[in-house]
Every structure is written in structure tokens, then in C-alpha cells.
Amino acid sequence: MIEHSFPVLGQQIPVYVPTTVDDFRAFQRYITGRANAGERVAFDTETTGLDTFSPGFRIRTAQFGTPDQAWVLQVEKGEDLQRLASWALRTLPELSMQNRNFDSLACDRHLPDIMLEALAPKTLDTYILSHLSDPRRRDQGGVGNGLKDASAHYVDPSAPDTAAGLYDEFHEIGHTKDTGWRHIDINNPLYLSYAGGDVILTSRLLPKLQARVKELGINPSLIPFEHAVGFVCALIERRGMRIDRGYTTQLSAELADESARWAEEAKKYGVENINSTRQVSAALLGMGEEIKERTAGGAVQVDGNVLKRLADVDKQWDPIGSRTPNPLAMAILRSKRASKWRTSYAEAMLRTADENDRVHPKIGALAARTARMSISDPPFQQLPSGKWEVRHAIRADDGCRMISVDYSSVEPRVMAALSGDERMTAAILRGDDLHNLTAASVYGPGFTPGQRKVAKVVQLGVAYGGGAATIAAQTGLSLSAAQDAVKGYKRTYPRLARYIRSLQAQVIRDGYTLRTPSGRRLVFDRDAAYASFNGEIQSTARDIFAQGLLEIHERGLTPHVLLPVHDEIVADATDSQAHEVAREIGEAMTMSLRGIPLGTDPDVGGHSWGSLYMKEATTMIANDSWYAAHPDAAEAAEKARA
DNA sequence: TATGTCAGCCAC
DNA sequence: AAACGTGGCTGACATA
């Protein structure tokens, strides 16, 4: 038996690496012993990288451990060791993992006879417990929810940094921190010791976190709730969604061409690199433009807003006609947008797609400090929604149509429910348009469309904890007019205004923490108690969405789901079933919060995700020569119109 | 080379 | 008195 060790609290904990038949028997005795005792065992893997669904991905080692020992199976050595790992996973009645979905998906795909469905019910995730205890990232002042940070805080401040030490070893073999995981010798002592260390730490961390969650009075039912939500998200991630590789490749090439053409244009004005804000601002100032805006760091600001003003276009890039457009500003805008769309979206899809042209974006089911979800690799929560070209790369499965179901204005409804504001509640129950009501109350019954827009901006501003100054900046109103609008809004919904004030006071009294209606603990920065109302709304809306997702799962609809997007479920179903499935998903998501109904808008599109975004755009761009070069897109637009 | 910060831009 | 929230990601630039 090869034996290494890992230091915890001044003790050297043994890390066993079985290599002979006798060693394997010893491992089996360890596992059956724990199984018979009903003891929870920590599990972890070391892999070639984080790209679980890429063709070259492999599991290198599988580790099992308890507080006083760890076992590292070198599964990449062969099928025998793979089967041994699978056997142990099936035999153990209770497991713990740090970030369960990553390892579970890796095992589901790369170990024999291991399915997500079998692992999930018996696994506790230390990440989930850590997030429930303190939802902040480290850079937000929290403990940090990674294994390293959480262990340093709850288990042993002097535990070695597993990654940092290994990076030196990676460099010695001529690799980097990204490529080293794939190439480090499977017998490297440090690698094996750290692999074992991770499960030792996980098993020691779990009871500490359980105690912490209890001590803080966090709603204990959130623990099974988050495990269930995470499991459904893992199922969605495993399925992934199909891209049209031909279309995406062509789109990427065209975006590259467009970006290059406008970069050439910018060169005429002395901007060699359109991404250099220094060059851009210098050139614009050199052309005689006045730019008053400054960045937080004090530099001349040349962001989208400034460039659009100089290019004399509005938010939708439509000409305003108020001045002579600055051609450099327009060239920078166009070149940057094309390159962002290409690198962040089109190329990211091509890079991450598996051998069947499916992308599996990583779903962080419990991510933000408010518990909202995040999606990365690629970032599918933030594809352009004003135009359809990028989303058109995503296709429903063969014979299927895309479905989108979102909650109808969920955040205002949550605002009304939490504050108990009678006027807002009554308006919602009557089905009135809130912004019309606000505008009528603030400006009188003869309010203009522009005043309704102001009412809408104020509503969002209040929800975000913003003030009159930001509202003035967004609407073009004078500061005093914006102040009047905010005052009018608060007069219209007096109970809401009072609720926001008292919530902030309470948050400060409670050490900048807040308990949401679901019993979740939120923590705020000491200079940002004003953000507490937004935090409570956002977090509550997320929990409603997560509850909706569980109801979708209960009704057997998860196989249709492609992606969760904050308040929207993207799904697909066969042509004949699509409308019925959309209706069922909408019904599953529908619920009420303190008497306020939370309804949904089911929508059925064509064969691409983009088709759901074509309806308005179609008429605007139907004559674009783009269509002539893209029969595929023309066909999709045709279907969208139908 | 790797990492951190700033600036910017995409979404809800 | 006022305070616009939550993310992922790329590229430039400075630094170790």
C-alpha cells in the first residue's frame, strides 16, 4: 500500500493509495465498514479539467474519506479501479461532496453504472450548507464557499492551500495551472496527498456547517429544498442543448468580418485597437468632442452611453437626428459589439459543445448572495435579447419547438406582497397596469406616455434601491423633477415606502443581516443597507422560481427543460405537444404569495431559441440583405411569423 | 507567465 | 441625506 498524509490541525492524517489486490481488499473493508456503520463518507474526484462534457475529459482519481483517513483510487489506470469506485459509490448509503453537481455529473458520464439519480438522494453538499450559512463570496466580505475558504474558516486555518502548492509542481513539469491537472504524474505525492486532503476536509467540514446553519436559525427545510433544486439543475445540465454548428460557425465568421471592417474604419481616426479605452478617448477628444463623463478610476469614459450620444443614436441604435454623428464613435460601437458576440457567445458555444453538438452550460443553482442562479460556460443567461441572431444558434431537438415560460412581472408582485401595500395589491388583483396607476397618481389622469415611462423607471429604481439622481440620469429629467417623481411614487404607495424604511432600520439593528420569508439569511455590506429591500425581493423571487422548478419536476416535465433564466424556463417539446407542454409548465410554476397571484406567460416558438425573439424584429429586418445570404434564418423567421 | 484590477458589455 | 441590485466574461494594462 502506498501511503501519504495530509496535515489537519497539526496531525498527519493518512492518505492510502491502493495498488495491489490486497490493497483493493483493504479499501473494500473500509467501505463496507462505513456502510455497515451507516457513516457518511466524503467523495471527490480529480479530473483533467472542468469541461465535463468535452471529448477529452477524464476522471483521474476518485477519493473517499472520513475525518481520520482518505483513500485515493487511481481510476485512470484502468477499468478495475473504475469499477471499484463505482462499487463504493453504490455501496455507501450516505455521501458528502463539495459542489456535488460537478463530481456527480463527471461520475454519471465517466464511471460505469453510476447515475445522477442514484447519487443525489444520498449526498449532502457542503457548498449548499456553506452558502446557507453565509451567502457572500469572499470578495464580498464573506467566508467564501469554496472548499479551501470554508475549511480554513471552520476546520483548520493552517490547512495547506491545495491548489497553490500543486501549481509549483505543474510548472516543474512545464505546464500551467490550467493544463497541469491533466498532465501531472498520477503518482505525484503532493497530488495524491492533496486529493486525499480534499475528502478529509469535506468530511470534517460537514458537521461544522450543519451546526452553523442550526445555530443561525436558518430554516432547516432549505437544506433538502436546495439539494432538490440542485439535482433538477444537474439533470438539465446533463441534457444540454443542441447548437447548429454550421450556422454558428458562419455567424462567428461574419461577426469576425464585421468587427474587422469597423476596426479598419476606426483606424482612419488613429485608433489602432478598438478595445483600448485610452486610444478611443484620446482620438475622440482629438476630434473636438467633449466628454464630461469619468470612470470610477478617473479616466475619460467611453462606454456605450457616451459613444451612442456622440454617434447620435438611441438605446436601440436608431438615429436621433440631434447632431452630426461622430463616425468613429459608431465604428467603435459596431466593432466592439460584433467581437463580443463572436468571442463570448458564438465561439464559446463552438468551443464547449460535445461530440453531439450539444452545449452543457454550467448551472450554479445557488450562486448569488441572494441565491439567484448563475450560468456559465457559456453564459446563457445573458445572450442578446434585442436581436435574435445569437440565440438562433440554439436549436430544439429534432421534431421539437422551443418553449419559453416566464413569470409575469414577478418582482413588482413580490414588492406588493412583502410590503403589504394596499393600493399596489389592489391594483394587481384588479389586473390594472401599475405604471398607469403610478403615472395617474403622480401626474394626474391626463398623464403622457413619457410620464408613464418615468413611472416605470421610478418603480425599477425603487426596487433597486436607487435614488432621484440615478432616475434623473436615466430619464433625462432634472434632479428636482426626478425628486418629485420619487416623492409622488412614495405618496402613491405609502405602505411600501414605510416598509422599505423600516426594513433598512431593522437590517442595521440585526447586524446587516436579514431573514427572508423563506427563512434564508442574507448579509449586506455595512455601507449598503439601502440594498436590503432589493435583496429581499430578488431572493424571494428566486425562491419562488426554484419552487416552480421543483413543481415542474414533480409533474414529470423536467425532460423538456433546457435552461432556467431567473424568472423564465426555456424548454422544448414535439410540434404536436409543444402548446400543451408549455401550458403545463406554466401551470406548474403558477402559485401565490401572501394572496397575490404569480402567473406565467407560456410561449411557443419555432425550431430555434432565436425564433422566440423574432416576432417584433422580423418586420424591421426582413428586407435586410442578411436574409438573402441566410436561407436558414429566413426559414426560421417565416415560421416565427406563422 | 500568471494574476489582479479596471473598464466595458451582455442578461434579468 | 442619499445611496440602482445580481451575475459571467473579455481585453487592456500593470505587476510580481
K.L.:
What contact category does Q381(A) fall into here, base, sugar-phosphate, or nothing, at under 4.0 angstrom with non-hydrogen atoms?
P.N.:
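Touches sugar-phosphate only.
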
K.L.:
Sort and list the pairs that fulfil side chain to side chain donor-acceptor pair (under 3.5 Å) and have at least one residue in residues 509-519 of chain A, not counting sequence neighbours.
P.N.:
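As it turns out, the side chain to side chain donor-acceptor pair (under 3.5 Å) pairs with a partner in residues 509-519 of chain A, which skip direct neighbours, are T516(A)-S518(A), S518(A)-D543(A).
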
K.L.:
Listed in order of residue number, which residues of residues 301-318 of chain A have a non-hydrogen atom at under 4.0 Å from DNA chain B?
P.N.:
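Contacting residues: Q301(A), V302(A), D303(A), G304(A).
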
K.L.:
If only side-chain N and O atoms of Q140(A) are considered, is one of them under 4.0 Å from the OP1 or OP2 phosphate oxygen of dG7(C)?
P.N.:
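For dG7(C), OP1/OP2 do have a side-chain N/O of Q140(A) under 4.0 Å.
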
K.L.:
With a centroid cutoff of 5.5 Å and a plane-angle limit of 30°, would you call Y530(A) stacked on dA3(C)?
P.N.:
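Not stacked by the 5.5 Å and 30° rule.
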
K.L.:
Under 3.5 Å, which N/O atoms of the protein pair with N/O atoms of nucleotides 10-13 of chain C?
P.N.:
unit_1, atom_1, unit_2, atom_2, d
dA12(C), OP1, N273(A), OD1, 3.3
dA12(C), OP1, N273(A), ND2, 2.5
dC13(C), OP1, S276(A), OG, 3.1
dC13(C), O3', R278(A), NH2, 3.0

K.L.:
Which nucleotide wins on minimum distance to the side chain of Y167(A), given the candidates dC12(B), dG7(C), dT3(B)?
P.N.:
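Given the options dC12(B), dG7(C), dT3(B), the side chain of Y167(A) is closest to dT3(B).
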
K.L.:
Looking at dC10(B), dG5(C), dA2(B), which one has an atom nearest to any side-chain atom of A531(A)?
P.N.:
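Nearest to the side chain of A531(A) among the choices is dG5(C).
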
K.L.:
At under 4.0 Å between heavy atoms, what does I537(A) touch on the DNA or RNA strands: base, sugar-phosphate, or nothing?
P.N.:
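Since no nucleic acid heavy atom lies under 4.0 Å of I537(A), the category is nothing.
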
K.L.:
For Y493(A) and T438(A), test the side chains for any donor-to-acceptor distance below 3.5 angstrom and give the result as yes or no.
P.N.:
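Checked: Y493(A)/T438(A) side chains pair up, N/O donor to acceptor below 3.5 Å.
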
K.L.:
From the set dG8(B), dC12(B), dA2(C), return the single nucleotide nearest to any side-chain atom of K336(A).
P.N.:
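The listed nucleotide nearest to K336(A)'s side chain is dG8(B).
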
K.L.:
Please state how far atom NE2 in H171(A) lies from atom C1' in dA16(C), giving the value in whole angstrom units.
P.N.:
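Going from H171(A) (NE2) to dA16(C) (C1'), I get 13 Å.
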
K.L.:
Quick one: is the NZ or CZ of R238(A) closer than 6.0 Å to the six-membered ring centre of F53(A), and within 45° of its axis?
P.N.:
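The answer is no; the distance or angle limit is not met.
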
K.L.:
If you measure only the distance, is there a donor-acceptor pair under 3.5 Å linking the side chains of E289(A) and N326(A)?
P.N.:
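Yes, a side-chain donor-acceptor pair sits under 3.5 Å.
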
K.L.:
Enumerate the residue pairs fulfilling salt bridge (Lys or Arg N to Asp or Glu O under 4.0 Å) with a member in residues 300-309 of chain A, sequence neighbours excluded, ordered by first and then second residue.
P.N.:
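Those involving residues 300-309 of chain A are E293(A)-R309(A).
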
K.L.:
K177(A) has a side chain; which of dA11(B), dA2(B), dG8(B) sits nearest to it?
P.N.:
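The nucleotide sitting nearest to the side chain is dA2(B).
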
K.L.:
Once hydrogens and angles are ignored, does a donor-acceptor distance under 3.5 Å link the base of dC12(B) to the side chain of R372(A)?
P.N.:
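Yes, the side chain and the base share a sub-3.5 Å donor-acceptor pair.
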
K.L.:
How many whole angstroms separate atom CZ of R334(A) from atom C1' of dC9(B)?
P.N.:
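Distance, rounded to whole Å: 17 Å.
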
K.L.:
Between D51(A) and S54(A), does any side-chain donor sit less than 3.5 Å from a side-chain acceptor?
P.N.:
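Yes, S54(A) and D51(A) have a side-chain donor paired with an acceptor closer than 3.5 Å.
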
K.L.:
What is the distance, rounded to the nearest whole Å, between atom CD1 of I471(A) and atom P of dA2(C)?
P.N.:
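Computing the I471(A):CD1 to dA2(C):P distance gives 12 Å.
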
K.L.:
Of the nucleotides dT6(C), dA7(B), dC10(B), which has the atom closest to the P384(A) side chain?
P.N.:
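Shortest atom-to-atom distance from the side chain points to dC10(B).
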
K.L.:
Please, which pairs that meet salt bridge (Lys or Arg N to Asp or Glu O under 4.0 Å) have at least one residue in residues 332-342 of chain A, sequence neighbours excluded?
P.N.:
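Only R342(A)-E347(A) qualify under salt bridge (Lys or Arg N to Asp or Glu O under 4.0 Å).
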
K.L.:
Give me the residues of residues 453-463 of chain A where at least one heavy atom lies under 4.0 Å from an atom of DNA chain C, by number, or none.
P.N.:
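The answer is G461(A).
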
K.L.:
Have T179(A) and T176(A) got a donor and an acceptor in their side chains that come within less than 3.5 Å?
P.N.:
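Present: a donor and an acceptor within the cut-off.
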
K.L.:
Below 30° counts as parallel, above 60° as perpendicular, anything between as tilted: where do the rings of Y499(A) and F533(A) land?
P.N.:
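Answer is perpendicular, since the angle exceeds 60°.
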
K.L.:
Using whole Å, what does the distance between atom C1' of nucleotide dG8(B) and atom CZ of R294(A) come to?
P.N.:
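Answer to the nearest Å: 17 Å.
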
K.L.:
Side chain of A469(A), heavy atoms from C-beta onward: which of dG7(C), dA3(C), dT1(B) has the nearest atom to it?
P.N.:
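Side chain of A469(A) sits closest to dA3(C).
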
K.L.:
Take the protein atom CZ of F524(A) and the nucleotide atom P of dG5(C), then report the distance between them rounded to whole Å.
P.N.:
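Between P of dG5(C) and CZ of F524(A): 12 Å.
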
K.L.:
Could you give the CG-to-P distance, from D168(A) to dT1(B), as a whole number of Å?
P.N.:
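Going from CG in D168(A) over to P in dT1(B) covers 17 Å.
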
K.L.:
Does dT6(C) have OP1 or OP2 sitting under 4.0 Å from an N or O in the side chain of R137(A)?
P.N.:
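R137(A) to dT6(C) OP1/OP2: no side-chain N or O under 4.0 Å.
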
K.L.:
Kindly assign one of parallel, tilted or perpendicular to the pair Y191(A) and W181(A), based on the angle between their ring planes and the thresholds 30° and 60°.
P.N.:
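Correct class here is tilted.
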
K.L.:
In whole Å, what is the span from the CD1 atom of I375(A) to the C1' atom of dA11(B)?
P.N.:
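In whole Å, dA11(B) C1' and I375(A) CD1 are 11 Å from each other.
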
K.L.:
Counting just side-chain N and O atoms, does S385(A) come under 4.0 Å of either OP1 or OP2 of dC10(B)?
P.N.:
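Checking S385(A) against dC10(B): no side-chain N or O falls below 4.0 Å of OP1 or OP2.
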
K.L.:
Shortest non-hydrogen contact from W388(A) to Y613(A)?
P.N.:
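Result for this residue pair: CB-CB, 4.0 Å.
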
K.L.:
Has the side chain of Q382(A) got a donor or acceptor atom sitting under 3.5 Å from an opposite partner on the base of dG8(C)?
P.N.:
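Flag set: donor-acceptor pair detected.
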
K.L.:
Just compare dT6(C), dG8(C), dC12(B) and give me whichever is closest to any side-chain atom of S376(A).
P.N.:
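Shortest atom-to-atom distance from the side chain points to dG8(C).
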
K.L.:
Using OP1 and OP2 only, check whether a side-chain N or O of T370(A) sits under 4.0 Å from dT6(C).
P.N.:
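So the side chain of T370(A) is outside the cut-off, no N or O lying under 4.0 Å from OP1 or OP2 of dT6(C).
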
K.L.:
Using a distance-only test with no angle check, is there a side-chain donor-acceptor pair under 3.5 angstrom linking N101(A) and E237(A)?
P.N.:
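N101(A) vs E237(A): no donor-acceptor pair found between side chains.
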
K.L.:
Scan T370(A), V410(A), V414(A) and name whichever one has a side-chain contact (heavy atoms from CB on, under 4.5 Å) with T540(A).
P.N.:
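That would be V414(A).
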
K.L.:
Ignoring hydrogens and geometry beyond distance, is a side-chain donor-acceptor pair present between S404(A) and E568(A) at under 3.5 Å?
P.N.:
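Side chains of S404(A) and E568(A): pair found under 3.5 Å.
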
K.L.:
Check every atom of dC12(B), dC10(B), dG7(C) against the side chain of V565(A) and return the nucleotide holding the closest atom.
P.N.:
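That would be dC12(B).
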
K.L.:
Could you give the CG-to-P distance, from D567(A) to dG7(C), as a whole number of Å?
P.N.:
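From D567(A) CG to dG7(C) P: 17 Å.
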
